[in-house]
Amino acid sequence: MCEGEPQGPLQASCETMDAMPGCYATIEGVDLAQSALEDFINSYYMFHNLNANSGEDVLKYSPFLGFVESHIYDLDQANEDYLHPAMTSTLPPKDPFSPLRRILGERTWMTPELSKELEHGARFWALERKICQALAAKSPVSQEEAEEALRLKSFDYRAMNLLLYKMRGEEPCSEHMEFLATSEVLVEIGDDLVDYYEDIERNSFNIYRCFVAIHGCDLGAHELRKFITSAERAYAAAYARLEKGNPPLAAKWLQRNQSSRRHSSGSEKPEGATWEIPPALEEK
């Protein structure tokens with residue numbers, strides 16, 4: 001979060017770089033980012049030949065990864081505050097990542113790929129605002145935009161992953177990044193199913209909420225299952241490629257996913273699983 005008077009997370013995080021030369025994270029952002037950082041270390045470190053159980057490997061990279069994730073969570077919370085009907089917040093700027101870009105540039109850690117991922121983050125928040133404002137107003141929602149938002153939502157993991165490659169002095173592995181992207185879609189779906197009712201109350205983006213708004217309570221779950229089936233097929237195909245190229249890594253990944261249930265519904269197995277979709281709620 002950028003430096004300035006303590007005016008709340010939205011205004012403090014979203015001031016311009018000229019007015020606020022620093023880039024900061026709040027303790028609230030640290031709290032919110034903790035579980036994501038732990039999951040990233042346990043799930044993604046293996047793709048860098050790093051040991052998530054090694055204090056040396058964890059401490060060498062986690063401080064700045066944690067800072068970046070905490071800063072992103074502060075910005076994300078500010079965006080959600082803007083959407084909540086009970087909150088009065090200022091519209092975030094077009095590029096909320098200017099201070100972070102500056103810090104990464106000073107460390108020579110900014111890359112074209114990482115810059116693009118931050119653009120995806122800003123695009124996700126813009127879509128979230130557009131979609132959730134439409135949901136609150138009972139206006140039409142585009143399924144294409146909802147699916148795009150879902151795929152962009154894990155931009156923070158991809159940004160941390162790209163940053164870790166850069167800090168290690170390695171070029172990103174496109175095969176690994178593509179595989180992880182297929183898993184990220186399933187993780188986001190699982191999280192949205194768990195948070196469905198809470199996200200309605202908070203007026204937050206939720207893919208199931210969008211499908212219900214688009215297709216109605218009776219067909220929403222059916223259409224979502226079709227979407228999940230397609231996402232699982234993409235994940236299974238990517239996993240097969242990973243398993244063929246690096247069997248030990250694929251086995252380690254699968255063991256980690258199954259033990260932690262990252263996809264929330266038992267779909268960690270490449271062949272997929274039965275998803276628990278809560279009853280649809282007609283929003284008033």
Side-chain angles (χ1 to χ4, degrees), residues 23 25-77 97 100 103-104 107 109-111 113-118 120-121 124-125 150-192 194-195 235 238-239 242 246 249-264 267-268:
C23 181
T26 67
I27 190 63
E28 290 81 6
V30 172
D31 287 340
L32 290 169
Q34 182 176 350
S35 63
L37 181 62
E38 290 176 356
D39 178 56
F40 178 84
I41 290 171
N42 287 318
S43 301
Y44 285 53
Y45 261 38
M46 66 182 74
F47 289 89
H48 297 262
N49 294 316
L50 297 173
N51 185 353
N53 296 315
S54 165
E56 181 179 357
D57 283 355
V58 171
L59 292 174
K60 185 173 183 179
Y61 301 107
S62 64
F64 205 84
L65 291 172
F67 168 78
V68 168
E69 185 70 344
S70 300
H71 181 70
I72 289 175
Y73 261 86
D74 274 326
L75 294 172
D76 183 68
Q77 186 60 55
F97 294 107
L100 184 58
I103 293 297
L104 292 172
R107 295 294 184 99
W109 289 339
M110 178 58 72
T111 66
E113 295 87 356
L114 182 51
S115 178
K116 188 68 175 178
E117 209 54 65
L118 296 180
H120 289 166
F124 165 68
W125 286 328
L150 179 77
R151 293 187 173 93
L152 293 176
K153 194 175 179 181
S154 291
F155 78 91
D156 57 324
Y157 272 62
R158 293 186 289 274
M160 284 194 290
N161 208 16
L162 289 167
L163 177 58
L164 185 53
Y165 277 114
K166 183 62 177 178
M167 288 193 292
R168 293 180 51 248
E170 299 285 345
E171 289 295 318
C173 176
S174 58
E175 180 182 341
H176 291 172
M177 295 285 290
E178 289 168 5
F179 165 72
L180 290 167
T182 65
S183 174
E184 288 158 2
V185 170
L186 296 175
V187 171
E188 295 296 355
I189 293 172
D191 287 347
D192 280 4
V194 171
D195 297 336
Y235 172 67
Y239 181 82
L242 179 67
N246 193 331
L249 176 60
K252 188 175 182 180
W253 164 266
L254 193 58
Q255 181 182 26
R256 158 63 185 165
N257 261 26
Q258 290 176 331
S259 64
S260 64
R261 298 198 65 180
R262 293 189 74 239
H263 300 166
S264 300
S267 62
E268 287 77 11

Angle class for the Phe67/Phe64 ring planes (parallel below 30°, perpendicular above 60°, tilted otherwise)?
tilted
Side chain to side chain contact (heavy atoms under 4.5 Å, CB included) evaluation trace for Tyr45 with Ser54:
CA-CA 11 Å; Tyr45 261 38; Ser54 165; over 6 Å; no
Can you confirm whether Tyr44 sits close enough to Leu164 that some side-chain heavy atom of one is under 4.5 Å from a side-chain heavy atom of the other?
no
Point-to-point distance, once rounded to the nearest 0.5 Å, from CD of Glu69 to OG of Ser62
12.5 Å
Between Ala25 and His71 the two heavy atoms that sit nearest each other are CB-N, 3.9 Å
How long is the straight-line distance from CD1 of Ile27 back to CG of Leu32, given to the nearest 0.5 Å?
10.5 Å
Please lay out, stage by stage, how Val68 and Ile103 fare under the test side chain to side chain contact (heavy atoms under 4.5 Å, CB included).
CA-CA 10 Å; Val68 168; Ile103 293 297; over 6 Å; no
Verify, without hydrogens or angle tests, whether Asp57 (side chain) and Leu50 (backbone) share a donor-acceptor contact under 3.5 angstrom.
no
Student check: side-chain heavy atoms of Gln77 and Glu28 closer than 4.5 Å:
no
Say you draw a straight line from OH of Tyr61 to CD of Glu56; how long is it, rounded to the nearest 0.5 Å?
9.0 Å
Look up atom CG in Leu118 and atom CD in Glu113, then write down how far apart they are to the nearest 0.5 Å.
12.0 Å
In a table with atom names and distances, give each donor-acceptor pair under 3.5 Å that connects a side chain of residues 167-180 to protein atoms at least two apart or in another chain.
unit_1	atom_1	unit_2	atom_2	d
Arg168	NH1	His48	ND1	3.1
Arg168	NH2	His48	O	3.3

Closest approach of Val30 to Ser70 (non-hydrogen atoms, all atoms of both residues):
CA-OG, 3.4 Å
Going by distance alone, is a donor N or O of one side chain under 3.5 Å from an acceptor N or O of the other, for Asp39 and Tyr157?
yes
Are side-chain heavy atoms of Val185 and Tyr235 found at a separation under 4.5 Å?
no
Any side-chain heavy atom of Leu114 within less than 4.5 Å of one from Trp109?
no
Taking the side chain as C-beta and beyond, is there a heavy-atom pair between Phe47 and Asn161 under 4.5 Å?
no
Just to verify, what does Ser154 make a side-chain hydrogen bond (donor to acceptor under 3.5 Å, both in side chains) with, not counting sequence neighbours?
Glu188
Which heavy atom of Tyr73 sits nearest a heavy atom of Ala36, and at what distance?
OH-CB, 3.7 Å
Which pair of heavy atoms, one from Ala52 and one from Val58, lies closest together, and at what distance?
O-CG2, 3.3 Å
One should read off an interatomic distance between Leu100 CG and Leu75 CG, to the nearest 0.5 angstrom, of 8.0 Å
Interatomic spacing from CG in Leu150 to CG in Asp192 - rounded to 0.5 Å
6.5 Å
Between Asp76 and Ile72 (side chain of the first, backbone of the second, donor and acceptor by atom type, cut-off under 3.5 Å), is there such a pair?
no
